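Just below is one structure, and these are the notes that go with it.
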Amino acid sequence: MGKSSVRPVRACALCGNFRELEESHIIPKFVMRHLKKTAHGEIRSIENPNAVIQDSEKHYMLCGECEDLFSKKETKFANHFFYPYQKNSVKEFDYDEDLYYLLTSISWRSLYQDILDFVQNPEQVGIDLDTLNCFIEKESEIKKYLLGKTNNVEGIENHIFFFDDIKEFSNMPKEVKPHSTFHRGETSYTFFNKTEGTLATITNMMGIVLFTLYKKGKLEVWENTQIINGIGRIEALNQIIQSVCGNELIDIMNRVKGKSDNLSEKQKEKIIKRIDDDLEGFIKSESFEAIQKDAALKKD
Ligand SMILES: [Zn+2]
């Protein structure tokens with residue numbers, strides 16, 4: 001017997017038609033699936049570390065037709081990019097305009113949900129009207145591009161930063177765990193820095209970090225990170241980011257550190273017991289690999 005579900009009939013966030021909406025994942029769902037498959041134990045969220053999560057963030061957002069628009073490009077990204085990087089450590093990729101489209105669609109889903117939040121809680125988020133308007137304007141331009149009404153979005157940039165194995169990291173706060181944070185996690189959110197003039201969405205997909213810049217600060221340096229809207233090549237090599245966006249990487253690590261600090265005694269016991277019960281499985285897991293890399297980093 002199939003699971004029954006009641007889908008709301010509302011305006012689709014992309015095409016605007018009133019349809020039965022599907023639950024759309026912000027980050028493509030194969031990322032969480034792969035994270036679970038390669039983990040030892042359960043996946044916990046940053047917001048509430050004492051609860052186990054079954055699935056990543058999703059919302060009734062798109063109609064079936066618009067979901068299909070994204071899903072072919074998602075599969076292509078999974079097979080040509082995500083899995084080769086995760087499973088075989090491939091570090092050079094040739095790409096075409098489908099990658100640009102897919103990356104833009106991921107950031108758009110995140111931006112769309114964040115705008116709803118910004119509009120409902122402007123004071124809590126600390127957002128000013130100019131910034132909010134800029135986000136809203138970009139969101140509507142991106143929508144036209146995703147629907148095929150335009151071939152490009154003026155003024156936005158997509159960048160991929162590979163959070164590769166690192167031996168050292170300048171200005172990194174103590175006690176943070178870069179490998180466990182980025183290789184063993186996923187997150188997506190929109191942020192702004194009024195002083196520097198930077199507006200962006202950041203998405204981590206197990207070490208593949210996507211930045212979509214809606215507005216770029218004057219003094220920013222991005223080297224070997226940009227994904228153009230066409231045919232190109234990207235390598236996980238000599239990538240440099242000098243931007244307030246780099247601070248977000250540190251913020252994410254700090255939040256994950258805070259998450260382990262907030263873990264209850266009961267949950268800690270549960271985790272230790274699971275490791276004790278299957279030590280061999282734990283040692284073979286990618287969770288353990290990341291912990292080891294982080295431990296090695298601290299000794300330097
Ligand atoms: Zn639609």
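Whatever order the structure lists them in is the order used to number ligands and atoms, beginning at 1. Index from 1, following the sequence. What you see is a predicted model; the values in this text were computed from it and never measured.
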Near the Zn ion (ligand 1), which protein N/O/S atoms fall under 2.8 Å? Cys12 SG, Cys15 SG, Cys63 SG, Cys66 SG
Do Ser188 and Arg109 have side-chain N/O donor and acceptor atoms under 3.5 Å apart? no
Per the salt bridge (charged side-chain N to carboxylate O under 4.0 Å, His left out) rule, what does the pair list look like for residues 230-245, sequence neighbours excluded? Glu92-Arg233, Asp94-Arg233
Exercise: identify the closest heavy-atom pair between Ala13 and Tyr112: CB-CZ, 3.4 Å
If you measure from the Lys or Arg side-chain nitrogens to the Asp or Glu carboxylate oxygens, is any gap between Lys293 and Glu289 under 4.0 Å? yes
Assess whether a salt bridge exists between Glu265 and Lys268, defined as any Lys/Arg side-chain N lying under 4.0 Å from an Asp/Glu carboxylate O. yes
Any side-chain donor near an acceptor of the partner, Ser107 and Thr212, under 3.5 Å: yes
